[in-house]
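Below is one structure, written out as structure tokens; comments come after it.
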Amino acid sequence: MINHLKKLLSGKNTIILVPYLWFILLVAIPLSIVLKISLSEMSATSVADMLSWSQGWPTIKINFASYLFLATDPLYIDTYLSSIKYALLTTLICLFVGFPFAYFMARAPKHLQPMLLMLIMLPFWTSFLLRIYAWKTLLVSNGIINNALLSFGVINQPLAMMNNSFSLVLGMVYSYLPFMILPLYANLSKLDVRFLEAAADLGASAFKTFWLVTVPLSKAGIIAGSMLVFIPAVGEYVIPELLGGSDTLMIGRVLWDEFFANNDWPMASAVAVVMMLLILLPISLLNSYQSGQAESKL
Amino acid sequence: MATEPKPNKVKTDLLRVEGVTKVFDGVIKAVDNVSLTVAQAEIFALLGGSGSGKSTLLRLLAGFEKPTKGRIFLAGQDITDLPPYQRPINMMFQSYALFPHLTVWQNIAFGLQRDHMPKAQIAERVESMLKLVQLTSFAQRKPHQLSGGQQQRVALARSLAKQPKLLLLDEPLGALDKKLREKTQVELVGIIEEVGVTCVLVTHDQEEAMTMASTIAVMHEGTILQTGTPDEVYERPNSRQVAEFIGDVNIFEGQIETYAADHVLIRSEACMHFVMHGISGHVGLPVLVAVRPEKVVLSKKRPAGEVNWCSGEVVAVVYFGDHTIYHIQLANAQVIKAQQMNSTTDLAEVIAWGDQVYASWSGLAMVVLVQ
């Protein structure tokens with residue numbers, strides 16, 4: 001028995017224990033609580049207990065009302081769709097901006113690359129909130145950009161750049177661009193130049209080489225970067241709150257409203273659970289793709 | 001070791017390199033004023049150590065680098081300024097650079113598709129290439145599912161698919177193990193000769209150059225030291241570097257003592273050398289006498305005559321099975337090597353460690369190099 005325990009607590013297992021504990025305490029338990037709340041009812045101002053005792057027997061009451069409401073009320077469906085739309089748009093723009101960025105970083109002289117990497121990560125040294133606020137002062141009607149354009153006579157009246165989808169997507173692209181660039185850079189810097197030379201040697205122009213060799217070979221980086229941008233972008237709350245407008249509905253704000261304005265915790269939890277499922281779907285697709293890749297390499 | 005050269009047809013020059021120099025970063029001369037011609041259907045080897053400029057020269061031919069000076073002509077056309085994708089030249093890359101995301105079939109078809117060849121024709125060409133390299137049943141595999149030898153053949157098929165005027169091989173056998181290399185050498189030359197393509201290959205392996213090439217250019221520090229057939233560069237090297245780079249060699253430093261019409265006597269510290277074939281020089285001229293180890297005969301008995309032999313003590317015996325290489329320390333502390341075929345099993349005749357032996361060679365075995 002003691003030997004068995006010793007075996008269980010051997011070095012290898014205790015190391016594994018740390019991530020497992022982390023996962024159970026900070027992911028699995030909170031998630032189960034959210035799931036539980038989403039299946040409960042509201043009673044007055046607090047969440048009703050699922051478990052009740054009637055005539056000495058425990059009764060479990062599961063309430064799907066929140067989910068049903070979610071599926072029938074167009075507000076939620078529209079919000080999910082628009083969240084996905086903005087997240088996709090952000091991901092695409094990040095990809096188109098980030099790919100050349102990462103490409104030239106990976107092709108830059110070796111001694112410059114650490115510095116370029118540091119420049120990419122430099123924004124993280126300032127608080128995320130401060131940086132989003134800074135965009136506000138740049139974009140508002142009497143902000144720096146509009147004032148400059150007005151004083152140079154480029155425009156007659158301030159451009160509407162704030163509290164609309166433009167400011168929202170700009171803020172998201174700005175915030176998430178490093179998460180696209182870093183995995184792409186990691187991938188592209190490992191890309192063997194000889195593949196590009198071989199393509200050129202076989203008659204492919206630079207453009208063809210890019211589409212036929214560089215892009216397919218950096219697929220893993222593109223997928224990783226896109227996931228890192230898309231997933232947090234779907235649930236983004238701060239950016240739509242600060243830079244978005246009334247017409248740029250995103251699920252993070254709805255979630256906030258359900259929790260803190262409507263005080264409807266089951267509804268809020270249901271919204272969160274469905275959002276998570278929406279995000280889990282692309283992740284599991286990615287996983288199956290990657291394990292498929294790993295298998296084909298064996 | 002070289003395969004017998006084919007009966008000489010009328011040779012036309014296909015590739016002409018004229019005074020090509022490549023300078024990197026403004027200072028490093030990777031290739032220094034190199035000129036060479038490669039005849040139609042010839043296998044031409046650029047042989048040299050690392051940093052000799054052979055790879056840079058190959059990259060200049062492929063178009064990945066632009067020469068700082070000089071011109072490159074292919075079949076009379078100046079291709080110096082053509083980008084790689086417009087040159088009728090294909091390259092088989094070192095460690096192959098097969099596209100990992102494409103199948104064998106797609107790899108071979110890649111170049112043909114870039115030329116917008118009709119689909120049916122592409123399929124036909126790919127099939128014939130697969131047949132040529134005997135990989136028909138592997139068409140749908142990905143490169144990582146193939147062995148090293150198979151990958152090498154795919155790379156060859158891919159570089160031959162477009163029927164280039166010139167095929168470049170960058171260390172074609174470098175990624176294979178020794179056993180496979182010997183087999184592949186023969187296969188490779190067979191395929192190249194079957195196709196009849198002119199070929200420039202780069203290698204650091206003199207054996208590879210000797211077995212595959214009909215002409216070898218020995219490169220050192222960006223210049224070509226000597227160009228010739230394999231036996232020319234082996235038997236009649238024109239410099240110490242060439243002699244030492246290709247095969248093993250014993251070098252005696254000496255000077256001309258007698259300069260006669262029919263022979264030359266050279267005195268080195270170790271012995272007197274009687275050379276029968278003529279060299280240009282004069283009495284007192286310092287020269288090097290080079291003798292290949294396989295041309296040295298070892299004996300425990302003193303040879304007749306006073307020239308072309310020396311004596312010493314065996315200080316090392318390196319056994320190879322079919323032959324043995326003896327290291328013999330001479331009186332002047334110089335160590336020479338002698339290679340003897342192990343044609344006898346009679347132990348009494350076998351020369352052993354510590355034996356006093358006489359090393360001799362014929363008057364025709366020596367090459368005299370004027371510094």
Side-chain angles (χ1 to χ4, degrees), chain A residues 95 99 102-104 106-113 183-226 285-286 288-298, chain B residues 25 55 58-59 61-65 82-103 106-117 122 129 140-146 151 154-155 157-164 166-171 175:
Chain A
L95 185 60
F99 200 102
Y103 188 86
F104 288 110
R107 292 280 166 275
K110 275 273 174 282
H111 62 279
L112 283 181
Q113 290 189 14
L184 274 176
Y185 164 76
N187 187 282
L188 286 169
S189 62
K190 278 185 286 178
L191 181 70
D192 197 333
V193 201
R194 286 176 315 121
F195 291 132
L196 311 182
E197 288 182 349
D201 185 67
L202 291 165
S205 59
F207 181 76
K208 278 276 178 195
T209 302
F210 179 77
W211 281 112
L212 294 170
V213 180
T214 310
V215 169
L217 286 181
S218 50
K219 198 152 82 184
I222 293 172
I223 290 174
S226 300
L285 281 177
L286 169 73
S288 69
Y289 168 77
Q290 278 177 337
S291 62
Q293 282 254 304
E295 241 168 64
S296 70
K297 284 221 169 88
L298 287 177
Chain B
D25 301 332
S55 299
L58 198 75
R59 293 174 58 79
L61 296 180
F64 300 136
E65 309 281 355
L82 283 185
Y85 56 90
Q86 286 175 4
R87 297 188 182 200
I89 296 176
N90 285 127
M91 178 151 158
M92 192 177 123
F93 286 79
Q94 188 174 12
S95 45
Y96 321 131
L98 295 172
F99 301 125
H101 60 296
L102 300 180
T103 62
Q106 290 166 329
N107 261 286
I108 298 173
F110 189 92
L112 304 171
Q113 286 160 345
R114 301 291 77 73
D115 285 355
H116 305 290
M117 194 188 250
I122 291 178
M129 282 298 139
Q140 294 314 317
R141 298 262 185 111
K142 290 275 181 74
H144 64 259
Q145 295 167 313
L146 302 176
Q151 288 182 10
V154 177
R158 186 178 72 174
S159 55
L160 285 174
K162 290 182 81 172
Q163 301 180 333
L166 182 66
L167 175 68
L168 306 176
L169 305 172
D170 190 0
E171 303 273 2

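Keep in mind that the numbers below use all heavy atoms, side chains included, and drop hydrogens, waters and symmetry copies. All values derive from a computational prediction rather than experimental measurement. We name chains A, B, ... by the order of the sequence lines, and we start the count at 1 in each one.
- Taking each heavy atom of B:A97 and A:A198 in turn, the nearest pair found is O-CB, 4.0 Å.
- One distance of note links CG of A:L202 with CG of B:D115; it measures 9.5 Å at 0.5 Å rounding.
- Annotation: side chain of A:E197 is not in contact with side chain of B:M91 (no heavy-atom distance under 4.5 Å).
- For a residue to count as touching a neighbouring chain, one of its non-hydrogen atoms must lie under 4.5 Å from one of that chain's; by this rule A:D201 touches chain B with backbone and side chain alike.
- Listed here is the closest heavy atom pair of B:F99 and A:F195: CE2-O, 3.3 Å.
- The backbone N or O of B:R114 lies less than 3.5 Å from no partner atom in the side chain of A:K208, so there is not a single donor-acceptor pair.
- The heavy-atom pair separating B:F110 from A:A204 by the smallest distance is CE2-CB, 4.0 Å.
- Proximity to chain A is limited to the backbone of B:L98, based on heavy atoms less than 4.5 angstrom apart.
- With B:H101 contributing its side chain and A:K219 its backbone, the two residues share no donor-acceptor pair below 3.5 Å.
- Contact annotation for B:R158: both backbone and side-chain heavy atoms come within less than 4.5 Å of a heavy atom of chain A.
- Judged by distance alone, with hydrogens and angles left aside, the side-chain atoms of A:R194 form a donor-acceptor pair with the main-chain N or O of B:Q94 at under 3.5 Å.
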